[in-house]
Amino acid sequence: VAEQDLAGRHVVVSAGGTREPLDPVRFLGNRSSGRQGVALAEAAAARGAQVSLVAANVSDGVLPVHPQITVVPVETALELRDAVRGAARDADAVVMAAAVADFRPVEAAGAKIKKRHTDTGPAEPEPIRLTTNPDILAELATDRPRPGQVVVGFAAETGDGDGDALTHGRAKARRKGADLLAVNEVGDSRGFGDVPNAVTVLDGAGEAVAQAAGTKAEVADALWTQVARRLPPAST
Ligand code: C5P
């Protein structure tokens, strides 16, 4: 049995990836399965928390069935924002593990978009116009629904000409204003060996406070340990 250091706490976890509709049958999406978010929800429940799992298109068979986990299904970034904000009102911690689309189509067509034809063949397609989605994590961090709430983000980073993955992660940690940012060094196994998942946990100032490598369950546990440390004493 895990240490019950989250007993009496309510935590919100977002998981999966949003789908932004183009028409009734098509969307812009991403490949997130939701497994890290589900591992976070399960780990929190095992440590005694009540969990609201806001699940955006989590893959079949991945969603947990657990008496302490309430699943709130959503599809789009705007739905995810509403669900997370609703659940966050009385939450001790919010962990944003979902892959939220940065952009959505300006409008979703009411009927299936059809291929148009001219005398000489198919017509040129209409361009897809996009607009920016809100940054839900940054919003939560600046406008905390509850004092003392711990707000956590995830970021997958790669090194490039402007710096290595951690340098990008540090800048993001400071920009987002969250208390913790779990930085996943994508395609970089330096120091970790060949493990399924390796993250460096940064605080809001961009300082590394923990490293975790291993399964998604192990990464989840390492993150909750950092969250639990930052929670104000439980009200009784
Ligand atoms: O900026 P980037 O997308 O890399 O940041 C990732 C973190 O921000 C994740 O925690 C993700 O859930 C969150 N995010 C968000 N709203 C967005 C984009 C990302 O909450 N529109």
Side-chain angles (χ1 to χ4, degrees), residues 11-21 27-41 44 51-58 72 74-88 91 93-106 130-145 149-160 162-188 197 199-204 206 209 212 216 219-220 222-224 226-227 230:
V11 304
V12 181
V13 177
S14 71
T18 65
R19 290 180 179 176
E20 311 299 323
F27 56 83
L28 299 180
N30 61 71
R31 296 185 193 282
S32 175
S33 67
R35 283 191 174 81
Q36 182 64 68
V38 167
L40 282 155
V51 183
S52 298
L53 177 60
V54 178
N57 312 295
V58 169
V72 186
V74 297
E75 286 229 29
T76 68
L78 295 179
E79 288 169 12
L80 187 137
R81 179 211 220 177
D82 279 351
V84 167
R85 278 154 82 119
V94 182
V95 180
M96 286 289 300
V100 182
D102 292 318
F103 307 107
R104 67 177 181 277
V106 170
L130 300 176
T131 187
T132 306
N133 273 330
D135 189 322
I136 301 160
L137 176 64
E139 279 182 357
L140 280 169
T142 30
D143 188 12
R144 312 246 167 169
Q149 185 175 75
V150 178
V151 175
V152 185
F154 268 81
E157 302 288 346
T158 55
D160 58 27
D162 295 329
D164 63 12
L166 261 188
T167 307
H168 292 307
R170 271 189 212 103
K172 191 168 286 183
R174 291 191 285 257
R175 195 167 62 238
K176 296 259 185 184
D179 300 296
L180 295 169
L181 186 73
V183 179
N184 209 330
E185 297 184 49
V186 188
D188 185 348
N197 218 354
V199 304
T200 302
V201 184
L202 304 178
D203 66 13
V209 294
K216 291 185 175 181
V219 167
L223 197 59
W224 287 122
Q226 293 302 318
V227 171
R230 286 165 175 78

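Just follow the structure's listing: the first ligand is 1, and inside any ligand the first atom is 1. Heavy atoms only: backbone and side chains are in, while hydrogens, waters and symmetry mates are out.
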Exercise. Of all the heavy-atom pairs spanning Arg170 and Leu202, show the shortest one and how long it is.
Key: N-CD1, 3.6 Å

Quiz item: Hey, which atoms in ligand 1 end up nearer than 4.0 Å to a heavy atom of Gly153?
Solution: 10 (O)

Quiz item: Contact between Pro134 and ligand 1, counting heavy atoms under 4.0 Å?
Solution: yes

Exercise. List the atom of Leu180, the atom of Gln226, and the distance in Å for their closest heavy-atom pair.
Key: CD1-CB, 3.8 Å

Practice problem: Tell me, please, which residues at least two apart from Lys176 pass salt bridge (Lys or Arg N to Asp or Glu O under 4.0 Å). | Solution: Asp135

Quiz item: Can you find an N/O atom of Met96 closer than 3.5 Å to an N/O atom of ligand 1?
Solution: yes

Quiz item: For ligand 1, which atoms sit closer than 4.0 Å to a heavy atom of Asp102?
Solution: 18 (C)

Quiz item: At what distance is the nearest protein heavy atom to atom 1 (O) of ligand 1, and which residue and atom is it?
Solution: Lys176 NZ, 3.0 Å

Practice problem: Heavy atoms only: give me the nearest Arg144-Gly177 pair and the separation to one decimal. | Solution: NH2-O, 3.3 Å

Quiz item: Quick check: does Leu137 get an N/O under 3.5 Å from an N/O on ligand 1?
Solution: yes

Practice problem: Let me know which of Leu140, Val94, Val201, Val227 forms a side chain to side chain contact (heavy atoms under 4.5 Å, CB included) with Val152. | Solution: Val227

Self-check item: Ala178 versus Val151, closest heavy-atom pair with distance
Solution: CB-O, 3.5 Å

Quiz item: Can you name the closest pair of heavy atoms from Ala97 and Leu40 and give their distance?
Solution: CB-CD1, 3.8 Å

Exercise. Distance to 0.1 Å, residue and atom name: give those for the protein heavy atom nearest to atom 9 (C) of ligand 1.
Key: Phe154 O, 2.9 Å

Quiz item: Does ligand 1 have an atom that lies less than 4.0 angstrom from a heavy atom of Lys172?
Solution: yes

Quiz item: Can you tell me which residue and heavy atom of the protein come closest to atom 16 (N) of ligand 1, and the distance to 0.1 Å?
Solution: Ile136 N, 3.1 Å

Exercise. May I ask whether Ala98 has any heavy atom positioned less than 4.0 angstrom from an atom of ligand 1?
Key: yes

